[in-house]
Structures are given as C-alpha cells and as structure tokens.
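Everything on this sheet refers to the single structure shown next.
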There are 2 protein chains.
Amino acid sequence: MKPYLKNYDRNKSEHPRVTVNIVIFTIKDEELKVLLVKRIVEPYKNSWALPGGFIKINESLEDAAKRELFEETNVKNIYLEQLYTFGDPNRDPRTRVIAVTYFALIKNENINLKAKNQAKELQWFNVKKLPELAFDHKKIIDYAVQRLKYKLEYTTVGFKLLNKEFTLTELQRVYEIILNKKLDKRNFRKWIKPLVKRTNKKVVHGVGRPAWLYVMKNNLKFIWRK
Amino acid sequence: MKPYLKNYDRNKSEHPRVTVNIVIFTIKDEELKVLLVKRIVEPYKNSWALPGGFIKINESLEDAAKRELFEETNVKNIYLEQLYTFGDPNRDPRTRVIAVTYFALIKNENINLKAKNQAKELQWFNVKKLPELAFDHKKIIDYAVQRLKYKLEYTTVGFKLLNKEFTLTELQRVYEIILNKKLDKRNFRKWIKPLVKRTNKKVVHGVGRPAWLYVMKNNLKFIWRK
DNA sequence: TGAATAGTGTCTTTCAGACAATATGCC
DNA sequence: GGCATATTGTCTGAAAGACACTATTCA
C-alpha cells in the first residue's frame, strides 16, 4: 500500500465526500486554454489538476464553484455553468469522492493570477496540449470542451470570452479557435450580425484598415437559436 | 423544532450526504407521465417524491440510478442519462443532502410496477398535473421535462419510449405529447423518414387502413441532427 | 503605392412550414 | 359504399454555404 493511503480506509467512511472542480477557459495567444494547478501533495503529487476542493457544509454548489474560482483567478462575476457530476467509486485512490464539475469562461485581460496564490503553481494550458493530469481530470476537460463547442452554436457563450466591446474579427477568431476550423468571413458576419450592435468607435491595430467596435445587443436571450 | 429534526444536527455532520434521484418518464394514456413514490416517513410524510435513495459507498452514480430504477420498475436496460446535481444547502430539512439526478425513459408495456414493491405506494402522474411534491422535486421534474423536450429535436430519445417496432402515427404522437403541440403529418414524416426503416409487417387496429411497422435504422447515432 | 486588415453581396442549395387529396381495410 | 385511419407531394420562404472584390489606414 502506498504510504499516502495509510490514513484512508475506504470502508471506514460511510459517506462519500463531495468536491467541486472547475474547468476555467480563456482564449489567450490565439489558443483555447484551461487553468490548471500543480498538486503539491499525494496522490498525483506534481501532476496538474483542475482547481477545486471539498464543499463546505453550508455552501451551495454554485457558491463553492464561485469561491474556488475567485481564489484562483481573483475574478468575480464571470460565466459559470454546471457541467456534470463524476462519481466513479475509484476515481480518487484515497476514498470515495464525488466531483461536481463546473465550467467557467473568463476574459483574458481580467486575469490576475497569483494575486492570492503565492504558494500554488498555476498555469494556463492549451487544451490540445495538456500535460499529465491527476484523477479523471482529462476526461472532465474533454467533456467541457465538447460542451463549449456545442453551446457556441446556439447560445451567446462566445461573447463571454471577449470584452464588452470587440471587433467582428476578434469574435470570429473565438469561434474559429473553439470550433477548430476556419469560417467564411462573409457568412459569419451575416450569421452573427443580428446579435451585435455597432458602436461609433474604431480600433486601430497599427496596420490595415481600422475595425469598428461592436457590443452585444442588450436584450439578447442566452439561448437564441432554436 | 419539528420532532423529526431532533436527531439531526446540521453542524455535526461534516460531510454532505449524496442521493441519486430518478425522473422516470413514460407515455401512457396519451400523456407524458412520471413515476412518483409516496413518502411514508417525515419529512414530507405523505407527499409524493421522486424515486431515489442514498448512494452506496462502492457504487457508481449510474449503478445507483440503475439499482433504484430496477427496484421500482423491475426493468433493466432502459435509457438513462444524468440530468443535473441539486445541492442547495437547505433543500433537505434534516441535513445537507446533495441530489444527483437522472432521467430515464421507459416503454409503457415493459412496466410491471409493484412486483417488488408491495410496501411502497407507486403511481404514474401526468407531468401537467403533479401533486404536492417533497423537497425540490418539482423543480427537478420541470428541469427534466425541459431537457426531454430539448433532446427530442436532435437526438433519438423519442424512440426509447416505443417498442422496437412502431407505426409512424405512434411516433408522431410521442413527439406531439412531449412537445405539447400538434404536428403536421406530412412534414413530420418527411423529417423523420431518414431515421426509420419500414418492415414488411402491418398492424391492424380494427378500423381504418392498416399501418406499416417501422424500426429505427440500426446504424443511427444518438445525436443525429446538428 | 504597396502591405495589411476590414468590410460587403449574389447565387445556389437545403430545410422548414403551409397545405389536401388518395389509398386501404373493415363493417 | 361508408367510415376510419394511413400515406403521399408541391410550393414558398428562410437560412446556410460557396465564392471575390473593394475600402481604409499606415509605412
């Protein structure tokens, strides 16, 4: 028996324990990235894992997710959605742990990592180039990516990854990066135009024609395509 | 303090407890119905509730759902899908209980209730005419109905409520009952035809022209419409 | 004026929705 | 032949997809 297991006896604890884990996505350097924490204790010491922790006894699941999120990223008020609950009896070698997972979308420039995390090692990873992951966290991330791709097509989640004001090129890049395919510029604009409103501001990138800034229409429903 | 609460101290139990609850749907008497159990103990004694119970320490969530399902309906091998996890700290007045919920679809004629349930009172209820429900089970059922409606349009869940062989009229009724609206017969058939294969059998209802029996195409993916 | 990026319209195909007449089997 | 139910096709409008040129700014 591994030494870190000697304090755990699966049959001793009558009830399972419950964690909340969050798949936090952002787009950075033209890639879809997920935030991981390096584990400093066994099991899976030195592996990367999803942020998360045990739920407190008087805290709702969503509050727990928000708390974890804030602890890692120092950001509040971001998009958060329950993903799935993973409960395989052997997913944690110590004892029975059920993981209620969430996914979150965060704007790159809001991020101020480590403000509160001097101790923990935190890092963004391209979802296509993940390191060795602890527990079943690889499966969780894959599931979250799938959900994100899916929701992109009929909800407004895509906007959650951008600032309030954005150019249509930026928005198209969000879609292309997540869906992992090139889109036709004219068709994309035709499709997305009903959701956005042009401001009277332009942004200059130094070279090329300046782009108009757009905002999301304010009376837009979250699910907006049948 | 209510008498049934005196054995519970919220702050004493460090960990939450975890139940699995199942929303079991069927179509019967031209209505979408859900299976409920009458509670014989406090809290919510004599209210109706979703089948379910505490998870066993070495059982996966899905196995727990299957076990509950079999205990109530005596049926195995039916469609089962994880729905959502409800974890409000006060959803159960005794102590912190997190409910991992599932939804199941069952063919009416497979049902043999009470074979194993002499003691419990079990009943099918029209989802539009639900009785007073225990805990937050009303919310759970509403959520499940929503999910079912939604999935009907782009997956093959609709077929899970019918026998292997069915008529197109029966299939259309399933859609109409769940979506709660009348559909055009010709448009429905145009839409559904790519998913089904006609057998060489007919069924006679005693009056009117006999209908062909169809089966689901066998290489059909579960998600089949983008 | 050349390089770089932003912005725009037409045609074709596909799919959804409206709509009614004919076919089959039983009595 | 009358009744009850099953089966089938066309037209129209909307949306998706293929496709290429012009506009604006800076160096």
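Note: hydrogens, waters and symmetry copies are ignored here, and every other heavy atom, side chains too, is used. Letters A, B, ... are given to chains in the order of the sequence lines, protein chains preceding strands, and every chain is numbered from 1.
In this structure, B:Tyr154 and A:Tyr150 have tilted ring planes: the angle between them lies in the 30° to 60° band. The aromatic rings of B:Tyr143 and B:Phe86 sit perpendicular, their planes meeting at an angle over 60°, well past the 30° parallel limit.
Rounded to an integer number of Å, the gap from CG of B:Leu171 to P of D:dA6 is 13 Å. One interatomic measurement links the two molecules: CH2 of A:Trp224 to P of D:dA15, which rounds to 11 Å at whole-angstrom precision. In this structure, B:Arg189 places its CZ atom 18 Å from P of C:dA20, rounding to the nearest Å. If you take NE2 of B:His205 and C1' of C:dG25, they are 13 Å apart, rounded to a whole angstrom. The distance from atom CZ of B:Arg225 to atom C1' of C:dT14 is 13 Å, rounded to the nearest whole Å. Rounding to whole angstrom units, CG of residue B:Leu183 and C1' of C:dC19 are separated by 15 Å. Atoms CZ (A:Arg173) and P (C:dT5) sit 12 Å apart, rounded to a whole Å. For B:Leu213 and C:dT24, the CG to C1' distance is 16 Å, given to the nearest whole Å.
DNA chain C is contacted by B:Trp191 of residues 191-198 of chain B, taking any non-hydrogen atom closer than 4.0 Å.
Applying the ring-ring contact (aromatic ring centres under 6.0 Å, His included) test to residues at least two apart or on different chains, the pairs with a partner in residues 181-221 of chain A are A:Tyr175-A:Phe188, A:Tyr175-A:Trp191, A:Trp191-A:Trp224.
Not one N or O on the side chain of A:Gln82 forms a donor-acceptor pair closer than 3.5 Å with the backbone of A:Val100. Between the B:Gln172 side chain and the B:Leu183 main chain, a donor and an acceptor come within less than 3.5 Å of each other. Distance alone, capped at 3.5 Å, places no donor-acceptor pair between the B:Thr19 side chain and the B:Gly53 backbone. Remark: side-chain polar atoms of A:Asp29 are not paired, donor with acceptor, to backbone N or O of A:Glu31 under 3.5 angstrom.
Between B:Phe103 and B:Ile22 the shortest side-chain heavy-atom distance does not fall below 4.5 Å.
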Worksheet item: Could you run down nucleotides 18-27 of chain D 5' to 3' and tag each one B, S or - for protein heavy-atom contact under 4.0 Å?
Response: BBB--BBBS-
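The ring-ring contact (aromatic ring centres under 6.0 Å, His included) test with A:Tyr79 singles out one residue from A:Phe159, A:Phe25, A:Phe222, A:Tyr102, and that residue is A:Phe222.
When heavy atoms are screened at a 4.0 angstrom cut-off, A:Thr169 is found touching the sugar-phosphate backbone but no base atom.
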